[in-house]
Q: 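What follows is a structure written as structure tokens; I'll ask about it next.
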Amino acid sequence: MAPVPAPARDRAAEIARIAALERRIAALETRVSLLPKPAATWQAPTATVFGGLLSAAVAVYGFWRVHRFSVMRQERDEFYKRVQDCVDVVNAAALTASKLWRQSGETAEAEGGVEDLQDAITDIAQRLAFLKNAETTYDVEAVFAEFKRTATLNIEKRGRPADPQTADEARRTGRYLTHAMQTAFFTTFPATKRGGALRRWFKGNRATPAKAAS
């Protein structure tokens, strides 16, 4: 038995229904395309990223270390120069005290050497106070007090005789003070011990200059 053909109106309705579905699908696709795109999902850093961060961290740390050592070296050099200048004043004062003690009181006062010595002692005291304020571990106060006492006690007294023994003692305590200043410097800045050359130069040229002048 042959199939009965569908009425024309049923076919037209089906076509219209399919067209309507296609329009709805197109509308949905348009709406979906207008929605905001989701954010990209997090991905773990790759080895290349970690390597770049590590290299940057090493570079920053290296720069900081170099800068810090440079600052420390500059501070040490400036401090050393002040110590060296003070050593020169101590040596000159010890030499002056030795000469004055080999003279009588009247002769020493007449030549004006006593006042010069007292000025030098005051200068040394101020220089050492500055060094201690800059670095609290730098302390040679007791040694300086011994040198000051030996060099100036009763030196301005009228009628005192020449005293070669005290003259020699003034030179000795002066050398002891310069040695203590050197030791305190390398204690305050222990890193300079590794260099060695600066310490040997200081010891050879600054520790006993009064002996060379005698």
Q: Distance from Ile121 atom CD1 to Arg149 atom CZ, nearest 0.5 Å?
A: 12.5 Å
Q: Regarding Arg102 and Asp168, does a basic nitrogen lie under 4.0 Å from an acidic carboxylate oxygen?
A: yes
Q: Donor-acceptor pair, distance only, cut-off 3.5 Å: does the side chain of Thr122 make one with the backbone of Gln118?
A: yes
Q: Calculate, to the nearest 0.5 Å, the distance between atoms CZ and OG belonging to Arg172 and Ser98 respectively.
A: 13.0 Å
Q: Verify the ring-centre separation between Phe189 and Tyr80: is it less than 6.0 angstrom?
A: no
Q: When rounded to the nearest 0.5 angstrom, what is the spacing between OG1 in Thr96 and CG in Leu117?
A: 6.5 Å
Q: Check the surroundings of atom NZ in Lys99: do more than 12 heavy atoms from other residues, nucleotides or ligands lie under 6.0 Å from it?
A: no
Q: Between the side chain of Thr150 and the main-chain N/O of Phe147, is any donor-acceptor distance below 3.5 Å?
A: no
Q: If you round to the nearest 0.5 Å, how far is CD of Glu75 from CZ of Phe79?
A: 11.0 Å
Q: Looking only at non-hydrogen atoms, find the nearest pair between Thr188 and Pro190 and report the distance.
A: O-CD, 3.3 Å
Q: Are any of the side-chain heavy atoms of Gln182 and Thr178 separated by less than 4.5 Å?
A: no
Q: Minimum heavy-atom separation for Ala94 and Gly174, please, with both atom names.
A: CB-CA, 4.1 Å
Q: I'd like to know if the side chain of Asp139 reaches the main chain of Glu141, judged simply by a donor and an acceptor atom lying under 3.5 Å from each other, with no hydrogens or angles considered.
A: yes
Q: Would you mind reporting whether His179 and Val143 have side-chain heavy atoms less than 4.5 Å apart?
A: no
Q: If you take all heavy atoms of Ala97 and Ala151, which pair is closest and at what distance?
A: CB-CB, 3.8 Å
Q: Cationic tip of Arg171 within the cone over Trp101's six-membered ring, i.e. under 6.0 Å and within 45° of the normal?
A: no
Q: Would you say the side-chain atoms of Thr187 pair up with the backbone N or O of Thr183, donor to acceptor, closer than 3.5 Å?
A: yes
Q: With no hydrogens and no angle check, is any side-chain donor or acceptor of Tyr138 less than 3.5 Å from a backbone partner on Asn133?
A: no
Q: Determine, for Lys81 against Glu78, whether the closest basic-nitrogen to carboxylate-oxygen distance falls under 4.0 angstrom.
A: no
Q: Main chain of Thr166, side chain of Asp163: is a donor-acceptor contact present, judged purely on distance under 3.5 Å?
A: yes
Q: Can you find a heavy atom in the side chain of Leu131 that is under 4.5 Å from one in the side chain of Arg82?
A: yes
Q: Below 4.5 Å, heavy atoms only, C-beta onward: do Met181 and Cys86 meet side chain to side chain?
A: yes
Q: Write down the atom of Ala184, the atom of Val140, and the distance for their closest heavy-atom approach.
A: CB-CG1, 3.9 Å
Q: Do the side chains of Val89 and Phe185 join up, straight or via other hydrophobic residues, at under 4.5 Å, putting them in one cluster?
A: yes
Q: With rounding to the nearest 0.5 Å, note down the distance linking CG in Leu177 to CD in Glu146.
A: 10.5 Å
